[in-house]
2 protein chains.
Amino acid sequence: MYSALYNHINKFIDLSTGEQEILASMLKSFSVKKKAFLLTEGQTCRANYFVVKGCLRLYFIDIKGAEQTTQFAIENWWITDLTSFLFQNPSEFYIQAAEATEVIAIEQHHYDEMFLKLPKLERYFRLILQKNHQASQRRIKFLYSQTAEERYRHFNSLFPEFVQRVPQYMLASYLGFTPEFLSKIRAKK
Amino acid sequence: MYSALYNHINKFIDLSTGEQEILASMLKSFSVKKKAFLLTEGQTCRANYFVVKGCLRLYFIDIKGAEQTTQFAIENWWITDLTSFLFQNPSEFYIQAAEATEVIAIEQHHYDEMFLKLPKLERYFRLILQKNHQASQRRIKFLYSQTAEERYRHFNSLFPEFVQRVPQYMLASYLGFTPEFLSKIRAKK
DNA sequence: TTCATTTCTTAAACTACATTAAGTTTTTTG
DNA sequence: CAAAAAACTTAATGTAGTTTAAGAAATGAA
């Protein structure tokens, strides 16, 4: 049922079968159709989502009405609007499936309970959050260090398969420019 | 000696006097003069730094030779180049004191040991990293949602005292524009 | 308290990227 | 598989922010 998550957890800590069962009682697993939403603006973010298969994205709508993608999550990544999730207040973000996606969710009312019942998971989530923090530091450096064109070429060389996987307008907003400009860059060469 | 850190930790978990002593054996505390470096490009980041008093900044030098500030840390914040710290490989960043600063440091060779000896601290650092992740999500949204001028005015209204505290050229690079443009904005009104 | 260094300001010329708008291609859906 | 919707392209025009360069002000050191 939740083996994708158990496998991931076991890369970082050892979770016994008994502990897996306790964890299972606090999880949900389900499919999300392409373009369906797990969160929309104004809603409270109910869960922290682990992607088993597929791709989710986190975005918001800016003042001009344009979608700004701030994060993607593919297989074995967690994604949520952390502030809305932790404090159960209204979100300014959307979480949408960029592809048909299978997720495992831990809802907020189980989140604290999980750490009480399975304190081992403190370590797992600390390590996951460290990876997230590394990713954020890399991301910020990336955004500050290059022009839009360089950012696209660099991203494309690092993750060519991912670039193929999502629509260009999502990628353009993730990289911080317009779809029109992305077209222009691609036409160049 | 380390009371600023103990106080901070005790906001999140309960650490006994005995546990504080164990922790103390893995910490160092020292002063950093204004403009002095805790890390420079090419060096391996030795420690994770907790600011007791003062202000540190994390920055890198971009292709054009300009300093790009990616993070500030004031009282009660941790700062490090996480990738270089965790994997002990050469950093592309500098960590510099923006003011005379007192820090508490945990060096890499004590970091894993700390979690073995004091597993309670898994929770503390998980919660700290959650706060960091919230801050990153806010930061990215902020960078993507507004023009340079709006970013400055917004930041200035949120943290007026901090804006006074650091040189404008550091702030400009943190907000993603040039010092000249910041001057222009400020002259406007 | 003076000299040197660092930081900040001003302004003109420039450019990377946005905007707008129309047309084309691809994907989705009944 | 046809029609509609979504995604992508092209190109002209516009602009927010950069670059360069020089001078002014503030800060720090001796």
Side-chain angles (χ1 to χ4, degrees), chain A residues 32-37 54-55 57 59 61-69 72 94 96-101 142-156 162-189, chain B residues 32-37 54-55 57 59 61-69 72 94 96-101 142-156 162-189:
Chain A
V32 196
K33 285 191 184 150
K34 189 171 176 173
K35 295 195 184 175
F37 291 94
C55 179
R57 66 162 178 148
Y59 72 90
I61 308 276
D62 70 16
I63 315 166
K64 293 171 184 163
E67 294 177 5
Q68 299 290 348
T69 302
F72 287 107
Y94 297 77
Q96 187 190 33
E99 307 171 352
T101 302
F142 180 72
L143 284 171
Y144 278 25
S145 52
Q146 292 160 305
T147 65
E149 179 164 357
E150 288 165 345
R151 290 200 299 277
Y152 169 72
R153 301 216 184 274
H154 186 214
F155 190 85
N156 190 44
F162 184 76
V163 169
Q164 296 310 316
R165 207 170 146 176
V166 298
Q168 287 183 35
Y169 72 91
M170 286 186 196
L171 197 65
S173 74
Y174 180 73
L175 294 175
F177 46 77
T178 59
E180 290 84 356
F181 191 68
L182 179 48
S183 262
K184 207 169 175 177
I185 292 169
R186 286 165 54 98
K188 267 202 193 172
K189 200 198 139 188
Chain B
V32 195
K33 285 191 182 149
K34 187 169 176 174
K35 295 195 184 174
F37 291 93
C55 180
R57 67 163 178 148
Y59 72 91
I61 307 277
D62 70 17
I63 316 168
K64 293 173 186 162
E67 294 178 4
Q68 298 290 347
T69 302
F72 287 108
Y94 297 77
Q96 187 190 33
E99 308 171 350
T101 302
F142 180 69
L143 283 172
Y144 277 31
S145 52
Q146 293 162 304
T147 64
E149 178 164 358
E150 286 164 346
R151 291 201 297 278
Y152 169 72
R153 299 211 185 279
H154 185 213
F155 189 84
N156 190 43
F162 185 76
V163 170
Q164 296 310 316
R165 209 169 143 175
V166 297
Q168 287 184 35
Y169 73 90
M170 288 188 193
L171 196 65
S173 74
Y174 180 74
L175 294 175
F177 46 76
T178 58
E180 291 83 359
F181 191 67
L182 180 48
S183 261
K184 206 169 174 176
I185 292 167
R186 287 165 52 100
K188 266 201 192 174
K189 200 198 140 188

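A quick note: this is a predicted structure, and the numbers were derived from the prediction, not measured. In what follows, every chain begins at residue 1, and chains take the letters A, B, ... in the order their sequences are listed.
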Check: F72(B) ring centroid to F162(B) ring centroid under 6.0 Å: yes

Gap between atom CG of L175(B) and atom CZ of F142(B) - 0.5 Å precision: 5.5 Å

V166(A) versus C55(A), closest heavy-atom pair with distance: CG1-SG, 4.3 Å

Pairs satisfying salt bridge (charged side-chain N to carboxylate O under 4.0 Å, His left out), at least one member in residues 165-175 of chain A, at least two apart: E75(A)-R165(A), E99(A)-R165(A)

Side chains of I61(A) and Q68(A) in contact at under 4.5 Å (non-hydrogen atoms): no

Distance in angstrom units between Q168(A) CD and dA6(D) P, rounded: 18 Å

Test: K188(A) and E149(A) ion pair at under 4.0 Å: yes

Exercise: do R151(A) and Q146(A) side chains pair donor with acceptor under 3.5 Å: no

For atom CD1 of I185(A) and atom P of dT10(D), their distance in whole Å: 13 Å

Side chains of F155(B) and L171(B) in contact at under 4.5 Å (non-hydrogen atoms): yes

Outermost nucleotides of DNA chain C that come under 4.0 Å of a non-hydrogen atom of chain B: dT6(C) to dT10(C)

Letter per nucleotide, 5' to 3', of nucleotides 17-30 of chain D [B base touched, S only sugar-phosphate touched, - untouched; heavy atoms, 4.0 Å]: BBBBB------S--

